[in-house]
Amino acid sequence: MEKFRMLFQHFQSSSESVMNGICLLLAAVTVKLYSSFDFNCPCLARYNTLYGLGLLLTPPLALFLCGLLANRQSVVMVEEWRRPVGQRTKDPGIIRYMCSSVLQRALAAPLIWILLALLDGKCFVCAFSSSVDPEKFLDFANMTPSQVQLFLAKVPCKEDELVRDSPARKAVSRYLRCLSQAIGWSITLLLIIVAFLARCLRPCFDQTVFLQRRYWSNYVDLEQKLFDETCCEHARDFAHRCVLHFFASMQSEMRARGLRRDTAGRRPEPPLMPNGPDGLDGDGGSKAHLRAVSSREQVDRLLSTWYSSKPPLDLVASPGLRAGGLSHRAATVALGTRLPQHTDV
C-alpha cells in the first residue's frame, strides 16, 4: 500500500513530462472507449436530441473531471487562490499560469472525444435528425407533417421497416453526416491554427514574466509537497516521543508504589528514558525540532500559523534557516515561531 501511495504521488507531481504522459494516456483511453462503444439511437422524436447530445457532451465532461483529478496542480492552484494573504502576498499571475496549465492538459481528452464523435457523425445524426428542414428534400412532398416527423425520427435506425432502403433516409443521413464532419474538421483546423500561433508568437513576447510564473508555480507545488513530508516526519517523531513519555511515567509510578522488585541475582533494569540534556528525545539531539513542542495546542498553533500567514520568501529574514541549513529535514520549530520555508526546489 505504501508503494502504491508513493507511485500515485509520483504521477501527481507537477513534472511536465509526467503530466503530458497522463494526457496521452487519457487520450488513448478516450479513443479506445469510443471505438468499443455500441451506439444505439432510440429513434424517438422526444429522446433523439437528448440522447445524441448526451453522448456528445457527457463523456467529455467526465474525462475533463478525470483530467482535473489526475493533475495535482489543480488542487494546489485552488489552495493558493483561497489561502489568506498573511505575511506572503499572492500573485494573480501565478494562479492564472497554473489555471492555464491545468486546463490545457485537462481539455485534451474531452476534445478528442468530441472530435471523434463529430467525424463519425452518429451522435450528430441522432441528435438533429428531427430538426432537418423537410423542404430541402423532394421525397417529403407527399407526406403529412406528422408522417415527416415520424420518418425523420427513424432516420438513425436504418433497420427500421419504415425507413429501410429509403432514398430519403439515405439523403438525410448523408446530409447530417457531412455537416457533422464539416464541423469536426473546422474545429480541428481551428485548434491547429491556435496552437501554431501560440507556438510561433510566444518567442515574440518577453520571456522574463513567463519564466517567473513557471518558477513560482513549481515552487508552490513543491513547497506543499515538502511541507506534507515534513509534517509526516514530525508527527512520527512526536508520536514516538509521546509513547516514550508514557512508558517513562508508568515506570516512575511503579517505583513510587513499590511495585518494581528486582529478582535475586539480577541487576536493576536500566531506565527507559535517558536523563540527558535532550530530555525525552534521547538521540543526541537528532530530533531537536521537538524540544519546544510538548503539547497538542502547540502543534495546532504551528499548523494554523503556516496556513494563515505563510513566511515571506526572504531567506535573509528567516533566522531558522541559518541554524538549520537549507534542508527541510533539519527544520527547527519553536513555540510561537513559524515553520521555516523550504528552499530545496
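Values below: all heavy atoms of this structure, side chains included; hydrogens, waters and symmetry mates excluded. Along the sequence shown, residues are numbered consecutively beginning with 1. What you see is a predicted model, and the numbers here were worked out from it, not measured in a lab.
In plain terms, the two heavy atoms of Ser101 and Gln73 that are nearest each other are OG-OE1, 3.9 Å. Across every non-hydrogen atom of Val148 and Pro134, the tightest pair is CG1-CB, 3.8 Å. In this structure, Gly121 and Ser180 approach most closely via the heavy-atom pair CA-OG, 3.6 Å. Across Val76 and Met98, no two heavy atoms sit closer than the pair CG1-CE, 3.7 Å. Listed here is the closest heavy atom pair of Pro110 and Pro60: CG-O, 3.3 Å. Minimum heavy-atom separation, Val85 to Lys90: CG2-CE, 4.1 Å.
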Salt bridge (charged side-chain N to carboxylate O under 4.0 Å, His left out) between Arg88 and Glu223, worked out
CA-CA 14 Å; Arg88 183 190 300 179; Glu223 183 188 50; 2.9 Å; yes

Hey, mind stepping through Cys231 and Leu303 against side-chain contact (heavy atoms from CB on, under 4.5 Å) and telling me if it holds?
CA-CA 9 Å; Cys231 283; Leu303 296 177; 4.0 Å; yes

Determine whether Phe137 and Tyr175 satisfy the following criterion, side-chain contact (heavy atoms from CB on, under 4.5 Å), listing intermediate values before the conclusion.
CA-CA 10 Å; Phe137 305 93; Tyr175 168 76; 4.0 Å; yes

Just do the side-chain hydrogen bond (donor to acceptor under 3.5 Å, both in side chains) check on Gln104 and Ser100 with the steps written out, would you?
CA-CA 6 Å; Gln104 287 178 11; Ser100 175; 3.2 Å; yes

Would Leu313 and Trp216 satisfy side-chain contact (heavy atoms from CB on, under 4.5 Å), going step by step from the backbone distance to the final call?
CA-CA 11 Å; Leu313 300 176; Trp216 290 116; 3.4 Å; yes

If you apply the rule side-chain contact (heavy atoms from CB on, under 4.5 Å), what do you find for Lys170 with Lys158, and how did you get there?
CA-CA 9 Å; Lys170 296 180 179 179; Lys158 59 182 179 180; over 6 Å; no

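Residues Leu103 and Val194 are members of separate hydrophobic clusters, defined by side-chain heavy-atom contacts under 4.5 angstrom among Ile, Leu, Val, Met, Phe, Trp and Tyr. By the rule that hydrophobic residues join a cluster once side-chain heavy atoms approach within less than 4.5 Å of another member, Leu118 and Leu191 end up as members of one cluster. Under the 4.5 Å side-chain contact rule for hydrophobic residues, Tyr215 and Ile95 share a cluster. Follow the hydrophobic side-chain contacts under 4.5 Å out from Leu53 and you never reach Leu50; the two are in separate clusters. Tracing side-chain contacts under 4.5 Å through hydrophobic residues (I, L, V, M, F, W, Y), one never reaches Phe196 starting from Leu190; they form parts of separate clusters.
Atom NZ in Lys225 sits 12.5 Å away from atom OG1 in Thr230 (nearest 0.5 Å). Once rounded to the nearest 0.5 Å, the distance linking CZ of Arg105 with CG of Leu68 reads 12.5 Å. The structure places OG of Ser217 at 11.5 Å from CD of Gln212, a figure rounded to the nearest 0.5 Å. Atom OG1 of Thr49 sits about 12.0 Å away from atom CG of Leu56, to the nearest 0.5 Å. Ile94 contributes atom CD1, which lies 14.0 Å from atom SG of Cys99 (distance to the nearest 0.5 angstrom). Here NZ of Lys122 is found 10.5 Å from OG of Ser173. Values are rounded to the nearest 0.5 Å.
Residues Arg202 and Gln207 are in side-chain contact: their nearest non-hydrogen atoms beyond the backbone lie under 4.5 Å apart. The side-chain heavy atoms of His245 and Cys242, taken from C-beta on, include no pair separated by under 4.5 Å. Considering only heavy atoms from C-beta on, Tyr97 comes within 4.5 Å of Phe210 through its side chain. For the pair Pro59/Leu33, no side-chain contact is recorded, criterion being any heavy-atom separation below 4.5 Å from C-beta on. Pro311 has its side chain within reach of Trp306: a pair of non-hydrogen atoms, C-beta onward, lies under 4.5 Å apart.
In this structure Arg296 satisfies the salt bridge (Lys or Arg N to Asp or Glu O under 4.0 Å) test together with Asp300, sequence neighbours excluded. Residues forming a salt bridge (Lys or Arg N to Asp or Glu O under 4.0 Å) with Arg174 (at least two apart in sequence, or on another chain): none. Residues satisfying the side-chain contact (heavy atoms from CB on, under 4.5 Å) test with Val75, not counting sequence neighbours, are Glu79. For the salt bridge (Lys or Arg N to Asp or Glu O under 4.0 Å) test, residues two or more places apart in sequence or in another chain that qualify with Arg213 are Asp91.
Looking at Glu80 and Arg96, no side-chain N of the basic residue comes within less than 4.0 Å of a carboxylate O on the acidic one, giving no salt bridge.
When each of Leu119, Ile192, Leu115 is tested with Ile187 by the rule side chain to side chain contact (heavy atoms under 4.5 Å, CB included), just one qualifies, namely Leu115.
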Only pairs under 3.5 Å count here: list side-chain donor-acceptor contacts from residues 124-133, not counting sequence neighbours, and write none if there are none.
residue : atom : partner : partner atom : Å
Ser129  : OG   : Val125  : O            : 3.4
Ser129  : OG   : Leu152  : O            : 3.1
Asp133  : OD1  : Glu135  : N            : 3.3

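Taking the centre and axis of the six-membered ring of Phe246, the NZ or CZ atom of Arg241 falls outside the cone set by 45° and 6.0 Å.
Aromatic ring centres of Tyr307 and Phe227 lie closer together than 6.0 Å.
The backbone N or O of Leu116 lies less than 3.5 Å from no partner atom in the side chain of Asp120, so there is not a single donor-acceptor pair. Side-chain atoms of Asn71 do not come within 3.5 Å of backbone N or O of Val102 as any donor-acceptor pair.
Sorted by first then second residue, the ring-ring contact (aromatic ring centres under 6.0 Å, His included) pairs that include residues 46-93, not counting sequence neighbours, are Phe39-Tyr51.
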